[in-house]
Q: 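My questions will all concern the structure given below.
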Amino acid sequence: MIKELEKQIADTRAKLFEKLATLKNKKDILKSTELKSLYDEMKVIPNDHKASYGKLLNDLKNELTEASNEDNAGVDLEPIDVTAPADFNISLKDFPELLSSEKGSKNPITAEIDLLLDIFKTLGFSSIESPEIDNDYNMFSSLNFPEGHPARDDWDTFLTHEKDSKNKPFIAPAHTSTMQHRVLVSERAELEKGKPIAYVIPGRVFRNEDVDARHEHTFYQLEGIYVGKDITVANLLNILKVMFSKYFGKDIELKVQPFYFPFTEPSFELAVSCPFCDKKGCSVCSRSGWIELLGCGMVHPNVLEQAGINPAIYTGFAWGVGINRLVMIKYGIDEIRHFMTGNLEFLEQF
Ligand code: FA5
């Protein structure tokens, strides 16, 4: 007898699922007369079959409940072939938002880095980007900061918990000078064949800095390094003059003063007259009338030696310019923090 009951449930099940596919409100299937009459059978079947019949009925009810919970239960959906090629016949007119005149563009920093690299390409410089995580050797030791030297404390670096093979933390580079040693080592052989080393290196740098209108904790620098024979400070100042006149397309007032960096000797700091206040003093130039734009100098003999280059034969210069500040001066932006905010009103001006 249980076989007959099983068949009855199986037949009704098929009908119920057919019906479910046609129902608007899928939950109605649970109140259907077909299901009800299966339950009514319970009253008349012999006691020794009640348990197995009850279980089959319960399973069916659960199945129906689950199917009625799914929005598209029973509806025949066309399967999606995710590997199919895209339909390029779709008309753009169907997507008016794609035809709007608002288009994305390069961030001003990226655009100006491209421009600077183009300028230096015409002057025969190659380029390479600096990494965003580096080690103690490239940040300090290779640049003539001896272990434990107080000059290391002038650089407010961010360190990682992770340690390198020498058990020193990795460093988020505080300047693009971390690339000097790498470039000197990789180009040394060509230098010895008579080809001067001429590189520019753009990169994002990080400092544990108190931020204000002119100081960011994360900003961009463009490093330059040139090494050859008989290179002097005059060559350095000449290259910087060419860079500024090509970049700004006009004359700007420059001030060079002696400075100290462990990796250059002599070292200089270069500032431009503040275009926001005409040297009267404002919040952008910290009331000094000048905006510090770059540090530079003649590559220290110890830095050359550390890279296996003989300082008795070769000399060179290097500089590191703050790109955000260059762009601020070019476009009259009085607040460095605008670059990092992702504020569309600001970015849409470029
Ligand atoms: C340096 O970073 C040296 N590595 C530069 C250098 C390279 C010297 C090669 C000699 C040879 P300094 O800390 O002064 O130097 O930074 C260079 C430039 O980066 C500054 O002149 C300024 O334009 C920019 N800069 C520095 N700190 C910030 C900051 N917090 N926010 C925005 N720009 C900054």
Side-chain angles (χ1 to χ4, degrees), residues 109 112-113 116 130 134 138-140 142-145 151-158 171-184 197-227 231 233 235-237 239-240 243-244 247 252 254-272 274 284-286 288 290-304 315-330 333-340:
I109 297 283
E112 298 303 301
I113 290 176
L116 287 161
S130 76
D134 216 315
N138 287 310
M139 176 70 211
F140 292 122
S142 71
L143 290 172
N144 195 34
F145 289 83
R152 287 181 173 227
D153 298 336
D154 293 342
W155 300 80
D156 296 316
T157 49
F158 292 109
I171 300 178
H175 57 173
T176 43
S177 302
T178 48
M179 284 298 288
Q180 284 192 11
H181 180 76
R182 288 190 179 95
V183 167
L184 292 175
I197 298 174
Y199 260 84
V200 277
I201 306 140
R204 185 147 68 145
V205 298
F206 311 86
R207 292 185 189 181
N208 186 7
E209 190 87 73
D210 285 336
V211 295
D212 61 26
R214 225 168 26 122
H215 293 88
E216 256 292 15
H217 49 75
T218 301
F219 58 98
Y220 288 81
Q221 285 188 335
L222 182 78
E223 187 86 3
I225 184 159
Y226 191 98
V227 176
I231 306 299
V233 174
N235 300 120
L236 163 65
L237 296 180
I239 275 281
L240 295 179
M243 169 172 87
F244 285 125
Y247 181 73
I252 50 164
L254 301 177
K255 186 169 84 170
V256 181
Q257 54 192 18
F259 200 71
Y260 169 73
F261 293 108
F263 38 96
T264 45
E265 180 59 35
S267 303
F268 309 98
E269 195 176 66
L270 187 142
V272 296
C274 178
V284 181
C285 61
S286 303
S288 69
W290 294 89
I291 296 182
E292 176 213 322
L293 259 190
L294 64 80
C296 59
M298 299 305 289
V299 180
H300 198 291
N302 290 353
V303 173
L304 292 175
T315 49
F317 58 78
W319 77 86
V321 62
I323 296 174
N324 303 52
R325 291 203 191 154
L326 266 186
V327 181
M328 285 171 77
I329 290 161
K330 185 172 181 184
I333 299 162
D334 62 358
E335 171 57 79
I336 195 167
R337 286 166 288 194
H338 286 323
F339 292 113
M340 297 283 289

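Since we're looking at a predicted model, the values are computed, not measured. These values consider heavy atoms only, across backbone and side chains, with no hydrogens, waters or symmetry-generated copies. As the structure lists them, so they are numbered: ligands from 1, and atoms in each ligand from 1.
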Q: For Val205 and Thr176, work out which heavy atoms get closest and say how close.
A: CG1-N, 3.7 Å
Q: Please round to the nearest 0.5 Å and tell me the distance separating atom CZ of Arg207 and atom OG1 of Thr218.
A: 11.0 Å
Q: Which parts of the protein, at residue level, reach under 4.0 Å of ligand 1 through a heavy atom?
A: Trp155, His175, Ser177, Gln180, Arg207, Glu209, Arg214, His215, Glu216, Phe219, Gln221, Glu223, Phe261, Phe263, Thr264, Glu292, Leu293, Leu294, Gly295, Cys296, Ala318, Trp319, Gly320, Gly322, Arg325, Ile336
Q: To check you understand the geometry: which heavy-atom pair defines the closest contact between Pro258 and Phe268, and what is its length?
A: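 Of all heavy-atom pairs spanning Pro258 and Phe268, the closest is CA-CD2, 4.2 Å.
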Q: Are side-chain heavy atoms of His175 and Phe263 found at a separation under 4.5 Å?
A: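 Sidechains of Phe263 and His175: in contact.
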Q: Could you pull out the closest heavy-atom pair between Asn324 and Phe219, with the gap in Å?
A: OD1-CB, 3.5 Å
Q: Say you draw a straight line from CD1 of Ile291 to OG of Ser286; how long is it, rounded to the nearest 0.5 Å?
A: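 Separation between the atoms: 9.0 Å.
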